[in-house]
Protein chains: 2
Amino acid sequence: MTVTIKDIAETANVSIATVSRVLANKEGFYSEKTAAKVRQAAEKLGYRKNTAAVELVTQRSKVIGVIVSATKTNFANDIIAGIQDEAFKHNLSVIILYAGESDPNQQHRALQTVIERSVMGILILAIRPVDDDIAMLRAANIPHLFLSTSFDSQNLPFIASDDFRIGYQATDFLIKKGHKKIGIAAIDRHTYIGTQRVLGYQRAMADHDLPTKPAWIQDGHFTYDDGIEAMKTFGAKPELDAVIGTSDLAAIGVMNQAETFGLNVPTDLAIMSIDGTQMVKIVRPQITSVTQSFYEMGSRGMKMMLQRDMTKFESQYTPFRIDEREST
Amino acid sequence: MTVTIKDIAETANVSIATVSRVLANKEGFYSEKTAAKVRQAAEKLGYRKNTAAVELVTQRSKVIGVIVSATKTNFANDIIAGIQDEAFKHNLSVIILYAGESDPNQQHRALQTVIERSVMGILILAIRPVDDDIAMLRAANIPHLFLSTSFDSQNLPFIASDDFRIGYQATDFLIKKGHKKIGIAAIDRHTYIGTQRVLGYQRAMADHDLPTKPAWIQDGHFTYDDGIEAMKTFGAKPELDAVIGTSDLAAIGVMNQAETFGLNVPTDLAIMSIDGTQMVKIVRPQITSVTQSFYEMGSRGMKMMLQRDMTKFESQYTPFRIDEREST
DNA sequence: AAAAGCATTGTAAACGTTTACTTTTCGTGA
DNA sequence: TCACGAAAAGTAAACGTTTACAATGCTTTT
């Protein structure tokens with residue numbers, strides 16, 4: 001039914017080895033005359049390479065697997081764009097698997113899928129797998145790299161922002177603008193990222209001899225609704241004079257709730273977000289953000305994959321900057 | 001190096017056929033006693049199935065390929081969620097390939113990749129491939145379906161919204177709110193979707209005996225910036241009393257530019273968007289939208305794939321509704 | 001004219017599964 | 001005890017490539 005190189009070989013009157021060589025452009029192993037015959041036959045028969053066969057015999061695939069959490073925050077698109085552009089340059093395919101929102105089952109299945117496909121590398125976005133899955137990942141012996149998550153222990157390679165510094169500098173920025181009572185909203189302290197940001201925040205406050213209160217730190221999962229909730233807890237007459245939203249959407253949630261309370265941003269309350277995606281520019285007032293280099297995380301991650309030797313993977317931080325806008 | 005069923009067979013002291021049957025859960029073909037031995041050996045050796053080998057011999061894969069345009073509009077995530085959830089239920093993997101923003105090269109490569117992987121089905125999101133690629137797609141004899149794009153001719157199967165009706169009803173809604181001079185922003189009339197929406201708009205205007213002007217229709221590609229540009233063209237003292245943005249972001253662009261001009265939304269200018277993603281709820285004022293059923297497009301599309309018989313694919317429209325908010 | 005070297009092509013094994021077909025084992029009824 | 005049938009297990013071919021190695025033919029060197 002389907003056309004194979006064997007059919008081409010017959011049509012072109014050569015051996016399958018020759019066909020294979022021509023089609024794979026193994027230069028120097030065939031004459032142009034034969035090549036022309038082969039290519040023409042392939043074209044005529046409507047030949048399509050069978051990737052499964054190729055991967056089986058070569059024991060490798062030119063595919064990078066990307067596992068993404070289907071979170072409601074939106075930076076993943078930028079990271080993926082970075083991965084994609086870099087992969088395209090090197091003729092690699094990218095397959096993306098969504099792993100739900102912190103659903104361990106889906107995560108496990110996604111991981112299993114890419115491992116069984118023996119992809120040449122695995123990029124894991126903003127997900128911290130359970131220990132069993134990490135063990136599986138290691139056993140699989142496939143280069144893998146975490147993006148936009150960092151770890152304290154485990155020595156897993158990652159490319160991410162330095163979240164302690166993000167927390168510190170965001171806070172420091174607000175303090176230098178004259179704020180003294182600064183809150184932080186929708187932070188997930190079960191994640192390493194979350195703890196680091198809080199630590200950075202606390203250090204900055206301490207460095208400026210500013211007191212903090214536990215109630216100024218509102219837990220959540222970086223979502224819009226968590227931002228709203230956090231602001232509701234801070235109240236209509238908040239003690240605070242500035243709030244850091246731990247994602248763009250969270251910050252927007254804080255801002256909208258603040259305005260519902262009749263507070264003016266930035267005069268009554270300054271707001272700052274962490275991420276700096278398009279979101280912060282389309283709302284009014286535009287939100288001052290710690291802008292992360294998501295695209296770069298993706299392209300750097302992809303480049304690292306190209307070395308293939310995982311032992312050389314070195315965790316690194318991507319730069320971030322503060323973009324001042326109207327909300328501070 | 002890697003563990004194969006042959007290794008398991010040796011360890012468990014059975015034939016590879018038995019191993020294969022146990023591991024594939026072909027019930028009725030093995031005794032529980034043997035099964036236990038096999039499973040234990042597999043576990044012990046750290047066996048991983050080789051998908052390439054499976055696909056080669058079975059001539060089929062349990063993978064759905066999804067091709068997405070990496071557009072700056074954001075509804076794709078919802079469609080993908082629908083696809084993903086449905087696929088998960090049926091134990092299928094989903095691989096997603098980004099095809100750039102209307103870059104024919106990337107589209108071609110993405111298509112080629114999924115075809116060569118002989119996926120069991122292809123879902124194409126918001127992309128209208130060039131004719132050559134459509135021919136290739138057909139020749140490949142793989143079930144395929146377009147989501148969120150419709151076609152006049154070609155008889156390609158799709159699941160999308162009825163864009164004529166969207167255009168009509170959005171316009172009709174505004175007219176019934178008392179508006180008479182209605183514009184439409186950031187519409188791409190090179191797409192079928194675009195022409196249909198404009199036709200719907202024009203018909204609604206005509207049905208109410210309202211005149212229109214060519215300048216009221218501003219071309220673009222559904223982006224935020226196109227929304228801004230459109231509004232700039234309409235001017236600081238626009239002739240219009242309402243504008244339809246052809247995506248959420250486009251509508252937000254229109255709104256932000258209108259406010260830059262000092263216009264009040266909705267009193268000076270009513271604004272309406274088409275899509276109805278989270279975006280319209282996080283901006284102030286919240287935007288009245290034609291809300292499409294993106295998630296449903298995804299899950300319906302996936303369900304259709306399950307039939308596998310492409311000749312039975314029937315193009316269909318998913319429902320939409322109008323959600324009134326603060327911008328009208 | 002034979003030998004050597006090179007370019008080109010061919011042969012066949014290998015990759016890791018699944019599965020049609022065959023063989024063995026085992027329980028049951030006569 | 002034996003024949004029979006069902007259950008369990010085994011044998012081997014097949015899937016479509018790549019590639020090491022072998023073979024062929026041609027050109028160049030001696």
Side-chain angles (χ1 to χ4, degrees), chain A residues 1-39 41-42 45-63 112-113 115-120 140-141, chain B residues 1-39 41-42 45-63 112-113 115-120 140-141:
Chain A
M1 189 71 253
T2 60
V3 182
T4 71
I5 55 171
K6 204 173 149 200
D7 301 317
I8 300 179
E10 274 165 25
T11 309
N13 225 355
V14 295
S15 72
I16 61 163
T18 300
V19 175
S20 172
R21 287 190 273 250
V22 171
L23 262 26
N25 284 315
K26 290 237 173 301
E27 311 207 354
F29 283 92
Y30 53 81
S31 67
E32 264 319 311
K33 195 165 55 117
T34 335
K37 269 198 304 184
V38 169
R39 285 195 256 265
L45 300 175
Y47 170 75
R48 295 278 149 224
K49 181 181 293 233
N50 181 322
T51 307
V54 175
E55 291 186 356
L56 178 58
V57 66
T58 59
Q59 303 277 51
R60 75 172 71 162
S61 76
K62 301 185 67 167
V63 174
Q112 185 147 307
T113 301
I115 290 175
E116 290 182 348
R117 291 207 153 259
S118 43
V119 295
M120 64 172 278
N141 202 27
Chain B
M1 190 68 255
T2 61
V3 182
T4 72
I5 56 171
K6 205 173 149 203
D7 301 316
I8 299 180
E10 276 165 22
T11 310
N13 225 355
V14 296
S15 73
I16 61 162
T18 302
V19 175
S20 172
R21 287 191 273 250
V22 171
L23 262 25
N25 283 315
K26 290 236 173 306
E27 311 207 355
F29 284 92
Y30 53 83
S31 68
E32 263 319 312
K33 196 166 55 121
T34 337
K37 270 197 304 184
V38 169
R39 285 195 256 266
L45 300 175
Y47 170 74
R48 296 276 149 224
K49 181 183 291 233
N50 181 322
T51 307
V54 175
E55 291 185 355
L56 177 58
V57 66
T58 60
Q59 303 276 48
R60 75 171 72 164
S61 76
K62 300 185 67 168
V63 175
Q112 184 146 306
T113 302
I115 290 175
E116 291 182 348
R117 295 209 149 258
S118 43
V119 294
M120 64 172 277
N141 201 28

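Sequence lines set the chain letters: A, B, ... in the order given, protein chains first and strands last, and positions in each chain run from 1. Because only heavy atoms are used, hydrogens play no part in the values below, and waters and symmetry mates are left out as well, while side chains stay in.
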Participant: For the base of C:dG10, is there a side-chain donor-acceptor partner from A:R21 under 3.5 Å away?
Facilitator: yes

Participant: Looking only at the side chain of A:A17 (C-beta and beyond, no hydrogens), which of the listed nucleotides D:dC15, C:dT17, C:dA12 gets closest?
Facilitator: C:dA12

Participant: By nearest atom, which of the nucleotides C:dT8, D:dT18, D:dG16 is closest to the A:I5 side chain?
Facilitator: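 Side chain of A:I5 sits closest to D:dT18.
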
Participant: Is there a side-chain contact between A:Y47 and the phosphate of D:dT17, meaning an N or O under 4.0 Å from OP1 or OP2?
Facilitator: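 Answer yes for this pair, as a side-chain N or O of A:Y47 is under 4.0 Å from OP1 or OP2.
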
Participant: Name the residue closer to the 5' end of DNA chain D, choosing between B:Q59 and B:K33 according to the nucleotide with the nearest heavy atom.
Facilitator: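 Going by which nucleotide is closer to the 5' end, it is B:K33.
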
Participant: If you only use heavy atoms from C-beta on, which nucleotide in C:dT19, D:dT17, D:dA14 is closest to the side chain of A:N50?
Facilitator: D:dT17

Participant: Give one of base, sugar-phosphate or nothing for B:R60, where a contact means two heavy atoms less than 4.0 Å apart.
Facilitator: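 Nothing, no heavy atom under 4.0 Å.
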
Participant: Find out whether B:Y30 and B:V38 are in side-chain contact, i.e. whether some heavy atom of one side chain is under 4.5 Å from a heavy atom of the other.
Facilitator: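 When only atoms from C-beta onward are counted, B:V38 and B:Y30 do not touch, as no gap falls below 4.5 Å.
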
Participant: Within the pair A:T34 and C:dT8, is there a side-chain N or O less than 4.0 Å away from OP1 or OP2?
Facilitator: no

Participant: Using whole Å, report how far CZ of A:R48 lies from P of D:dG16.
Facilitator: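 Checked: the CZ to P distance equals 16 Å.
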
Participant: Mind checking whether B:I8 and B:T11 have side chains closer than 4.5 Å, heavy atoms only?
Facilitator: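 The answer is no, as the side chains (C-beta and beyond) never meet within the 4.5 Å cut-off.
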
Participant: Can you find a heavy atom in the side chain of A:K37 that is under 4.5 Å from one in the side chain of A:V14?
Facilitator: yes

Participant: With a 4.0 Å limit, can you tell me whether A:K6 has a side-chain N or O closer than that to the phosphate oxygens OP1/OP2 of D:dG16?
Facilitator: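 Answer no for this pair, as no side-chain N or O of A:K6 is under 4.0 Å from OP1 or OP2.
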
Participant: Taking only the side-chain heavy atoms of B:S15 (C-beta and beyond), determine which of C:dC15, C:dG10, D:dT11 contains the nearest atom.
Facilitator: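 Taking heavy atoms from C-beta onward, the closest nucleotide is D:dT11.
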
Participant: With a 4.5 Å heavy-atom cut-off, do A:E55 and A:K62 have their side chains touching?
Facilitator: no

Participant: State, yes or no, whether a side-chain contact exists between A:R39 and A:V22 at a heavy-atom distance under 4.5 Å.
Facilitator: yes

Participant: Could you tell me the separation between the CD1 atom of A:I8 and the C1' atom of D:dT17, rounded to a whole number of Å?
Facilitator: 12 Å

Participant: Separation of B:Y30 atom OH from C:dC26 atom C1', in whole Å?
Facilitator: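 Distance check: B:Y30 OH to C:dC26 C1' gives 20 Å.
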
Participant: Taking the side chain as C-beta and beyond, is there a heavy-atom pair between B:V54 and A:E116 under 4.5 Å?
Facilitator: no

Participant: Nearest whole Å is fine: how far is C:dC15 P from B:I16 CD1?
Facilitator: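 Whole-Å distance recorded here is 12 Å.
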
Participant: Rounded to whole Å, please give me the gap between CZ in B:F29 and P in D:dA9.
Facilitator: 12 Å

Participant: So which nucleotide from D:dT18, D:dA12, C:dG16 ends up closest to the side chain of A:K49?
Facilitator: D:dT18

Participant: Tell me the interatomic distance from B:L56, atom CG, to C:dC15, atom C1', rounded to whole angstroms.
Facilitator: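 To the nearest whole Å, that distance equals 9 Å.
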
Participant: Closest approach to the side chain of A:V54, judged atom by atom: which nucleotide of D:dT17, D:dG10, D:dC15 is it?
Facilitator: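 Nearest nucleotide to the side chain: D:dT17.
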
Participant: In whole Å, I'd like the distance from the CG atom of B:L45 to the C1' atom of C:dG16.
Facilitator: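 In whole Å, C:dG16 C1' and B:L45 CG are 15 Å from each other.
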
Participant: Contact class for A:S20 vs. all strands (heavy atom < 4.0 Å): base, sugar-phosphate, or nothing?
Facilitator: base

Participant: Mind calculating the distance between CD (B:E55) and P (C:dT18) to the nearest angstrom?
Facilitator: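 In whole Å, C:dT18 P and B:E55 CD are 12 Å from each other.
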
Participant: Relative to the 5' end of DNA chain C, which residue comes earlier, A:V14 or B:T58, by the nucleotide with the nearest heavy atom?
Facilitator: A:V14

Participant: Check whether any side-chain nitrogen or oxygen of A:T2 sits under 4.0 Å from OP1 or OP2 of D:dG16, and answer yes or no.
Facilitator: yes

